[in-house]
Amino acid sequence: MGRTQRSRLVAMAATVTVIATATYVPAAWGAGDGGASADTAKVADAAAAEAADSEIVSTVAPVLKPNGTSSRTYSTNEMRQIETEGGDPAVLEYWTPERMAAAKPLDAPGDPALVKRMAQDLAADLAAGSTAGPASTLPSSPAGDLAEGGTTVTRPVGPEESDGAATNSINRWPITVGKLFIGGYGSGSYCSASALNTKSKRVVITAGHCVHSGRGGSWRSNLVFVPRFNGEAENKTPYGTFQARTLHTFRTWIEKGGTNQGWYRDVGMITTYANGRGQRVVSAVGGNGLKIDQYYRWPTTTFGYPYNLDDGQVMWGCQDMTRKSGVAPRTSLISGCNFGEGSSGGPWVWHYSDRTRLGYVRGVTSYGTPQNRSIGSPHFDSAVRRLAVSTNG
């Protein structure tokens, strides 16, 4: 089974409405000239279907008024001030250490029939002999199966100012991973998330359901990211707080999230404001790279803040080998981590380095099976690369 560890942390124009949305649709290759053959038409249809499947939707991150029922709008001067101050003071002041500590894990949307099938699939898999286990002890797969190829979208980068820590490997926990706080005004919740190296140096990656509630739902509001949050330390926000500026996810998740047809697009990204020190998130803590590949089997180090372990107050990690899910299409599973609610959005990191505390994100925790026996992640494909590119707009 997976090896799980607990971290040892020492202690814009005219008036803008925050719910305006914009859509990014990948352009199809090779537009025809009107005399297309049947084969060309099939290719065009396939390209159109792929474009629809990977359509990206973005929105200015909603900020609720103190009554908790409506979104705020901002004048041009207010927007400039918010950028200068690193976010809306009302949101930043709301998320006190006490409210962060009291936040509960965000409930993921779920199809009961799907959860039942997942449990049946897992039972059959375990009866046949699971391949899960600490990555260091697992046998090698056939050549190419561990996906040393694939596409590197971005590479990891360290923070602009390193702390120069020289602790041993068991204490080399990432500072890129943290808690994503959501809501407020009586309904505070949280997910896990991590900083991602992109051109803007502002991006955080998490699960899609941590930015949008899925089918029939809405965008999340009042989001702030706290890298390396530690609820047991005197300073719970050692690298500051980064308020969400723009939210990004797939239309497939928005329209089908929580169903068997939506989990493979349960990926969200957040463009953030700078923190109170004027630092962009990747400049402050570094950022993991992004990796996409066709293979489903690879060793991962997975991080998050599962609520069933230490009430989600500290980061936990688990090493495991991924495998393709037989229930939720185009998703992967790992077993034995015992990660419950709250771990959603935490990164699945390939080639995690104890020296740099960085690696490549190839998945995010999306869903779990009963009794926390397994957790699942969307399979990262070219659409996830386009999602990362869209955050730079």
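It should be emphasised that the depicted structure is a prediction, and the values quoted were computed from it without experimental measurement.
Within the 3.5 Å criterion, the main-chain N or O of His209 finds a donor-acceptor partner in the side chain of Arg220. At distances below 3.5 Å, not a single donor-acceptor pair connects side-chain atoms of Ser325 with backbone N or O atoms of Ser332. Using a distance-only test at 3.5 Å, with no hydrogens or angles considered, no donor-acceptor pair links the side chain of Thr271 to the main chain of Asn392. Within the 3.5 Å criterion, the main-chain N or O of Gly340 finds a donor-acceptor partner in the side chain of Asn308. Judged by distance alone, the side chain of Asp266 and the main-chain N or O of Gly257 form no donor-acceptor pair under 3.5 Å. With hydrogens and angles disregarded, a donor-acceptor distance shorter than 3.5 Å links the side chain of Asn275 to the backbone of Tyr239. The backbone N or O of Gly258 sits nowhere less than 3.5 Å from a side-chain atom of Arg215 that would complete a donor-acceptor pair. Although no hydrogens or angles enter the test, the distance criterion places a donor-acceptor pair under 3.5 Å between the side chain of Thr322 and the main chain of Tyr296. When atom types are taken as modelled, the side chain of His379 and the backbone of Asp293 share a donor-acceptor pair closer than 3.5 angstrom. Although no hydrogens or angles enter the test, the distance criterion places no donor-acceptor pair under 3.5 Å between the side chain of Thr198 and the main chain of Val389.
Between Trp95 atom CH2 and Ile182 atom CD1 the span is 8.0 Å, to the nearest 0.5 Å. From His351, atom NE2 reaches atom OG1 of Thr300 across 11.0 Å, with rounding to the nearest 0.5 Å. Note that SG of Cys191 and CD of Glu341 are 10.0 Å apart. Values are rounded to the nearest 0.5 Å. Considering CD of Gln243 and CD1 of Ile270, their distance stands at 11.0 Å, rounded to 0.5 Å. Between the CD1 atom in Ile82 and the CZ atom in Arg72 there is a gap of 6.5 Å [rounded to 0.5 Å]. For the atom pair NZ of Lys179 and OH of Tyr305, the computed distance is 7.5 Å after rounding to the nearest 0.5 Å.
Taking the ring centroids of Phe303 and Tyr352, they lie under the 6.0 Å cut-off.
Considering all non-hydrogen atoms of both residues, Gly376 and Leu333 come closest at CA-CD2, 3.9 Å. Taking both residues in full, the closest heavy atoms of Asn288 and Gly359 are given as OD1-N, 2.9 Å, listed atom of the first, atom of the second, then distance. Here the closest heavy-atom approach between residue Ser390 and residue Ile56 is recorded as OG-CG2, 3.7 Å. Phe339 approaches Cys318 most closely through the heavy-atom pair CZ-CB, 4.0 Å. Considering every non-hydrogen atom in both Ala195 and Val282, the closest pair reads CB-CG2, 4.5 Å. Of all heavy-atom pairs spanning Leu223 and Val211, the tightest one is CD2-CG1, 4.5 Å.
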Q. Does the pair Glu255 and Glu55 meet the rule for a side-chain contact (heavy atoms from CB on, under 4.5 Å), with working shown?
A. CA-CA 11 Å; Glu255 296 180 350; Glu55 182 180 346; over 6 Å; no
Q: Report the C-alpha separation of Trp219 and Thr249 in whole Å, then their side-chain angles, then the decisive distance to 0.1 Å, and conclude whether the side-chain contact (heavy atoms from CB on, under 4.5 Å) test is met.
A: CA-CA 10 Å; Trp219 294 98; Thr249 191; 3.9 Å; yes
(Q) Is there a side-chain contact (heavy atoms from CB on, under 4.5 Å) between Ser194 and Val177? Walk through the geometry before answering. (A) CA-CA 4 Å; Ser194 60; Val177 179; 4.0 Å; yes
(Q) Evaluate Arg228 against Val285 for side-chain contact (heavy atoms from CB on, under 4.5 Å), listing each step before the verdict. (A) CA-CA 9 Å; Arg228 202 169 184 177; Val285 300; over 6 Å; no
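Taking a cutoff of 4.0 Å between a charged side-chain nitrogen and a carboxylate oxygen, Asp381 and Arg265 qualify as a salt bridge.
Residues Leu92 and Pro89 fail the side-chain proximity criterion, which asks for heavy atoms closer than 4.5 Å. In this structure the side chain of Lys236 never reaches within 4.5 angstrom of the side chain of Val226, judged on heavy atoms. Contact check for Phe242 versus Val204: no side-chain heavy atoms found under the 4.5 Å cut-off. In this structure, the side chains of Trp253 and Val267 stay at 4.5 Å or more apart for every pair of heavy atoms. A heavy-atom distance below 4.5 Å is not found between the side chains of Trp348 and Asp320. The shortest side-chain heavy-atom distance between Asn230 and Pro238 does not fall under the 4.5 Å cut-off. Considering only heavy atoms from C-beta on, Leu106 stays 4.5 Å or farther from Ser344 through its side chain. Counting heavy atoms from C-beta outward, Leu290 and Phe380 have side chains that approach closer than 4.5 Å.
Below 30°, between 30° and 60°, or above 60°: for Tyr190 and Tyr307 the angle between ring planes is between 30° and 60°, a tilted geometry. Phe229 and Phe181 have perpendicular rings, their planes meeting at more than 60° on a 0 to 90° scale where under 30° would count as parallel.
Side-chain polar atoms of Arg386 and Ser54 form a donor-acceptor pair below 3.5 angstrom. Trp316 and Asp310 are linked by a side-chain donor-acceptor pair at a separation below 3.5 angstrom, with hydrogens and angles left out of the test. A side-chain donor from one of Tyr264 and Asp53 sits under 3.5 Å from a side-chain acceptor of the other. In this model, no donor atom of one side chain and acceptor atom of the other lie less than 3.5 Å apart for Thr391 and Arg202.
The cluster map of Ile, Leu, Val, Met, Phe, Trp and Tyr, joined by side-chain heavy atoms under 4.5 Å apart, puts Met269 and Val361 in the same cluster.
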